[in-house]
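Scope of the values below: all heavy atoms of this structure, side chains included, with no hydrogens, waters or symmetry mates. Proteins get letters first, then strands, A, B, ... in listed order; numbering begins at 1 in each.
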Amino acid sequence: MNKNLELANLIFPHINRTIDDLEKLYPPRNLKEGAKVTRFAPSPTGFLHTGSLFTSLVASKIARDSGGVFYIRLEDTDTKREIEGSAAKLLVQLHQFGITPDEGYLGDKEVGIYGPYKQSDRKEIYETVIKEMIIKGIAYPCFATEEDLARLREKQTANKEITGYYGKYAIYRDLDIDTAISYIKEGKPYVIRFKSSGSHLNKIKVHDEIRGDLELTQNDQDIVILKSDGLPTYHFAHICDDHFMHTNLVTRGEEWLPSLPIHIEMFNALGFKAPKYAHLPVIMKLDNGNRRKLSKRKDPEASVDFFLSEGYEPQSLLVYLMTIANSNYEDYIVKTKDYNLDNFKFSLSKMSLDGALFDVDKLNFYAKEILSKFNKTTISAKAYAWAKEFSPELITFIEKDYNRFEEILNIEREKKNPRKDYAKYADIYPVIKFFDRDEFNKIFETENFVFNEKLTKEIILNFLKNYSSSNFLDFVEENDWFGNVKAVADRVGFCIDNKLYKANPDAYIGNVNDACEILRVTLTGRAVTPNLFSIMKILGTEEVQRRFDMMINRLETI
RNA sequence: GCUCUGUUGGAGAAGUGGCUUAACUCAUUGCCCUCUCAAGGCAACAUUCACCGGUUCGAAUCCGGUACAGAGUACCA
């Protein structure tokens with residue numbers, strides 16, 4: 001009997017299927033020419049990282065554009081780092097960002113005939129392949145302990161040699177099979193390694209869809225393919241899964257580029273056709289003058305949670321990420337004003353090679369653009385939904401009077417050049433809280449209402465009294481309303497012609513701007529607000545009068 | 001240390017041997033408009049493409065070296 005077969009049967013007695021059986025079980029996909037099968041393969045070790053969102057955006061976009069399939073595979077082979085519940089949350093967040101897989105692990109269910117889509121459920125598949133590799137002599141059990149390997153690395157480092165388990169240092173690769181069999185029978189712990197036939201003296205040519213033709217050092221490491229816990233390592237799972245799931249374009253972070261030769265060698269050794277690869281740049285951040293990867297621990301923007309809880313419209317993050325992915329997307333937006341990602345043709349070759357610095361300013365720019373284009377119904381509903389989850393104070397505000405909330409958000413909206421005050425829903429409340437009667441009372445008591453220095457108490461009082469006794473809100477048109485402001489201002493001595501005022505400022509107590517500032521500060525507590533006419537309209541005659549009286553009262557009693 | 005991969009303004013970048021006086025977008029600054037602000041309009045912002053050498057009539061673009069940065073170097077992914 002073949003010795004290899006004996007060893008294989010000893011390690012995997014329960015496996016009687018072959019690779020051929022698997023091929024039949026997972027036949028090629030029936031897709032049109034050029035259709036791309038891509039995937040997102042997250043590990044359930046935490047919440048969705050911004051970089052992962054970026055990768056999956058690209059993967060799903062490519063699949064969609066080409067009429068292919070985008071699926072999700074859960075890489076849960078690292079049982080030590082696994083965080084309970086994070087896999088399901090990952091899917092929910094992906095969905096919130098509008099990334100909807102066609103197939104795969106979907107959190108609560110699995111869709112598709114190429115499953116299971118969860119690596120921990122695919123043990124038999126890996127074992128089937130490894131069994132055959134052992135029979136063919138391209139995989140073997142290795143009994144080296146952690147200490148053995150540490151010692152080896154030390155020695156290699158001292159000799160300035162390449163570290164790792166390869167060539168003459170791969171001490172168990174040529175172990176006599178009978179010995180291996182007896183070790184296993186004794187219960188010695190072991191892993192399964194791939195027997196590499198490469199040499200680091202050789203170079204291989206590979207093609208990357210983003211980076212073009214590359215020359216990499218051939219792999220010669222006998223890497224671990226099956227850990228002692230019986231689960232596969234990433235490298236091996238990648239080969240099996242992407243082969244049997246018929247991925248034809250692997251998109252992943254550039255940190256995988258150095259291990260590409262390992263993957264290529266294994267695909268070849270197994271006689272599998274290797275997929276195409278696109279190694280995406282990672283998103284960076286400037287830290288003390290150095291670029292580094294966005295870190296979940298240090299940077300709030302590294303986690304997708306941050307954008308959701310701040311109330312960024314998911315689309316705006318997506319648009320921003322797309323401008324990083326394909327900078328010509330910006331030109332496209334400028335030309336078309338179209339923020340719908342579906343209409344843009346993405347191109348891998350237009351992707352830049354080094355990681356972009358995450359730019360919050362630019363994100364905010366797009367975020368404001370997008371929010372400004374919503375009509376009052378849409379933005380109010382979305383803000384309301386966001387508030388329900390993240391902002392109790394906004395929710396209180398909204399629920400007092402929803403229609404009024406809509407009108408407030410509608411100030412200078414629904415027109416050609418709408419206001420762009422808000423980048424995210426969390427920006428809303430601080431800007432609008434003065435509308436609330438109780439909140440205004442609080443502001444009035446606690447905050448300083450500062451007027452322009454040149455406005456004396458007498459001027460303010462005089463203007464306020466005159467103005468509040470005019471029919472200040474009996475106007476439909478803003479122009480007429482402003483005419484009234486001007487008329488009162490003129491009467492109390494303000495200049496109502498800015499050119500005249502500029503020419504001779506000392507001849508007047510102030511100009512219309514100053515008059516408006518009196519109203520603005522009195523009504524809102526702030527020197528900077530949206531359109532006064534709209535504010536007064538929403539506050540209503542009674543409340544405006546009340547606030548005027550509050551101020552008059554205060555000034556008179558000082 | 002070793003093995004890869006990169007390097008064009010403050011940021012994202014276009015550009016692959018003459019069409020470049022280095023597009024476009026964000027940021028910044030100034031002006032205009034204007035009841036403040038936001039928006040909008042108009043300007044300004046890289047004598048130069050990390051550095052040094054080479055090839056060429058001609059280089060950001062091709063070649064060599066150096067520097068710097070990032071990644072990998074796990075029974076993590």
Choose from [options] the nucleotide whose nearest atom is closest to any side-chain atom of [X].
X: A/K362; options: B/G12, B/A23, B/A71; answer: B/G12
X: A/L214; options: B/G12, B/A71, B/G6; answer: B/G6
X: A/D354; options: B/G6, B/C75, B/U36; answer: B/G6
X: A/E478; options: B/A38, B/C35, B/C76; answer: B/C35
X: A/F365; options: B/A27, B/C75, B/C37; answer: B/A27

task: Could you check whether the rings of A/F533 and A/W481 sit parallel, tilted or perpendicular, using 30° and 60° as the cut-offs?
output: tilted
- request: Could you check whether the rings of A/Y166 and A/Y169 sit parallel, tilted or perpendicular, using 30° and 60° as the cut-offs?
  value: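 The rings of A/Y166 and A/Y169 stand perpendicular, inter-plane angle above 60°.
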query: Any donor-acceptor pair under 3.5 Å between the side chain of A/R419 and the base of B/C37?
result: yes
- prompt: Is any N or O donor-acceptor pair between the side chain of A/E330 and the base of B/G12 shorter than 3.5 Å?
  reply: yes
Does [N] have OP1 or OP2 under 4.0 Å away from a side-chain N or O of [X]?
X: A/T163; N: B/U73; value: no
X: A/S43; N: B/C76; value: no
X: A/K227; N: B/A77; value: yes
X: A/K350; N: B/A14; value: no
X: A/T217; N: B/U3; value: no
X: A/R211; N: B/C4; value: no
X: A/R252; N: B/G72; value: no

How far does the [atom1] atom of [N] sit from the matching atom of [M], given to the nearest Å?
N: B/G65; M: B/G10; atom1: P; result: 29 Å
N: B/G72; M: B/A27; atom1: P; result: 33 Å
N: B/A13; M: B/A23; atom1: C1'; result: 10 Å
N: B/U25; M: B/C45; atom1: C1'; result: 15 Å

query: Syn or anti for B/G9, taking syn as within 90° of 0?
result: syn
Using both distances under 3.5 Å as the test, list the Watson-Crick or G-U wobble partner of [N], or none.
N: B/G30; answer: B/C42
N: B/A23; answer: none
N: B/A69; answer: B/U5

message: Here's a test for you: under side chain to side chain contact (heavy atoms under 4.5 Å, CB included), which of A/I223, A/V129, A/L226 qualifies with A/F236?
response: A/V129
message: Testing the basics here: between A/F54 and A/P281, what is the closest heavy-atom pair and its distance to 0.1 Å?
response: CE2-O, 3.7 Å
